[in-house]
Protein chains: 2
Amino acid sequence: MTTVEADDWLRTLAKDGAEIDRASTAERVAGVLRSRVLDGYIKPGRQLSEKALGEALKVSRNTLREAFRLLTHERLLVHEYSRGVFVRVPGVADITDLYAARRIIECGALRRWPEAGEARREAIRESVRWGERRAEEGDWDGVGTANIRFHRAITALAGSARLDEEVERLLAELRLAFHVMGDPEEFYRDYLPMNREIADFLDRDETDRAEGALLRYFDVAEQHLVTVLREQ
Amino acid sequence: MTTVEADDWLRTLAKDGAEIDRASTAERVAGVLRSRVLDGYIKPGRQLSEKALGEALKVSRNTLREAFRLLTHERLLVHEYSRGVFVRVPGVADITDLYAARRIIECGALRRWPEAGEARREAIRESVRWGERRAEEGDWDGVGTANIRFHRAITALAGSARLDEEVERLLAELRLAFHVMGDPEEFYRDYLPMNREIADFLDRDETDRAEGALLRYFDVAEQHLVTVLREQ
DNA sequence: AAGATAAGGATTGTTCAACAATCCTTCAAT
DNA sequence: ATTGAAGGATTGTTGAACAATCCTTATCTT
């Protein structure tokens, strides 16, 4: 190991550390809240009181308000004038809209399979294999994560960072819906074989049939969510 | 005019007024800044000083910071730790990504033409007619606005509010690029006939040919923007 | 002349306290 | 049961203060 090599990895590490330290407190708070909302610790409908949260997180109300503003654009929180900030409760209309958007984006991206590079293609296959392994071990959280990775990988076929970002937002909102509906295990179990079907069609370059299968997935998933939400 | 009817229009009017008054100062400031950035009054690259802007708009620095947080997610502003907030300067990579995203979304939405309602179809036609009238009167700002309406109308074929919102963001970012490049008159003049072509294909239900024309528009427009930005 | 270092000034990031505005809850009157 | 008033809690905004960071300028060294 020469000095030049040592300099390289040290420089990389120093750069990573610098990026971490340069996040403002408001951004850090937003990150903590985002995680807590997405993992279901803070449930949909819950009010985020400035006073209580400011004391708990030991930050000032102004800093907290900045963090809230960062999160409302992600549609995870709803800001109501004079009433406060709440975790969004997705309704049936939200689900319908989310799936309408996903159909356009993900089916459009899927059509890019013929010109996609091998890394992007492999990401789709790997997410399916990973989900199947998780299912064999009964790790349903892992299956859910694999499903998200599958859909991210489809979107990534388009090669647009902005599209990836928007799909992240859509998927995050869908996670709120899961928290409303409770245990999503049977949700994921049924759809893993559909992901396998889509990936197999793609591997045979049968893009039209893959798109048809993806649309069927969206139809079934949406119907399932809408039905469950209607029962709440 | 019966009392029932009178109650209806009064109630509607009172509701409109209530919505207007319930915007917080931070949101109002964000709206003012958004408009100023989009119409090019505040140019890409300009720093928005909290001190100067707070004095000019007669709001406190804390309120201004909230407004900034609202705008950074729209990708109009860039927030740099300890250095301040700047109007984003789009580069070539941004343009490439913007058009990659638009190809997926707008072409995907265009495919929904066969099942679209008449109102949505008419919005596309009307935006083209409107642009042609603006061009006859030499109103190039109006032509630019009509072009934006055309693309909004295409997106609206998908019937998703979230998609509409995302395309608004993409189009807003593109307007920043126009401000970098200067007078966009010749940009719009050349593309008005392409919009007409697309609308005519749609009216004949030749959706594939319309999509082909839309892709050609994206290719030419992107190339034009990239070329001009490279010269700056 | 070019590069490095230090100092000073300006701006940003955060906190705190205060007050106004608004909402929500409770209680009393009808 | 409904309405109105009062009180309490929370949100929205302001301004001052201080710490942290960056940028500019001046000085020193090579």
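In what follows, every chain begins at residue 1, and chains take the letters A, B, ... in the order their sequences are listed.
If you take CD of B:Glu80 and C1' of C:dG13, they are 15 Å apart, rounded to a whole angstrom. B:Glu50 places its CD atom 15 Å from the C1' atom of D:dA16, with the value rounded to the nearest Å. Separating the CG atom of A:Leu64 from the P atom of C:dC16 is a distance of 13 Å, rounded to the nearest angstrom. Protein atom CZ of A:Arg69 is 13 Å distant from nucleotide atom P of D:dT11, rounded to whole Å. In this structure, CD of B:Glu66 is placed 13 Å from P of C:dT14, rounded to the nearest angstrom. Per the geometry, CG belonging to A:Leu53 stands 13 Å off P belonging to C:dT15, to the nearest Å. In this entry the distance linking CG of B:Asn62 with C1' of C:dA20 reads 16 Å, nearest Å. Taking atom NZ of B:Lys51 as the reference point, atom C1' of D:dA16 lies 13 Å away to the nearest angstrom.
Between B:His79 and C:dT12 there is no side-chain polar atom (N or O) within less than 4.0 angstrom of OP1 or OP2. Residue A:Ser60 places at least one side-chain N or O closer than 4.0 Å to OP1 or OP2 of C:dT15. Contact annotation: B:Gln47 side-chain N/O to C:dT12 OP1/OP2 distance is under 4.0 Å. Distances shorter than 4.0 Å separate none of the side-chain N or O atoms of A:Thr63 from OP1 or OP2 on C:dT14.
In this structure, a donor-acceptor pair under 3.5 Å is present between the side chains of B:Arg69 and A:Ser24.
Contact of the A:Leu53 side chain with the A:Phe68 side chain is registered, since non-hydrogen atoms from C-beta on lie closer than 4.5 Å.
DNA chain C is contacted by both A:Arg83 and A:Glu27; A:Glu27 maps to the nucleotide lying nearer its 5′ end (nearest heavy atom per residue).
Residue side chain A:Arg61 reaches the base of D:dG12 through a donor-acceptor N/O pair under 3.5 Å, judged by distance alone.
Residue contacts for A:Val59: at a heavy-atom cut-off of 4.0 Å it reaches the sugar-phosphate backbone alone, with no base atom in range.
The aromatic rings of A:Phe218 and A:His151 sit tilted, their planes meeting at an angle between 30° and 60°. Between A:His73 and B:His73, the two ring planes are parallel [angle under 30°; tilted spans 30° to 60°].
Side-chain proximity of A:Arg65 to C:dT11, D:dT10, D:dG12: nearest is D:dG12.
In this structure, CG in B:Asp164 is found 11.0 Å from CD in B:Glu166, a value given to the nearest 0.5 Å.
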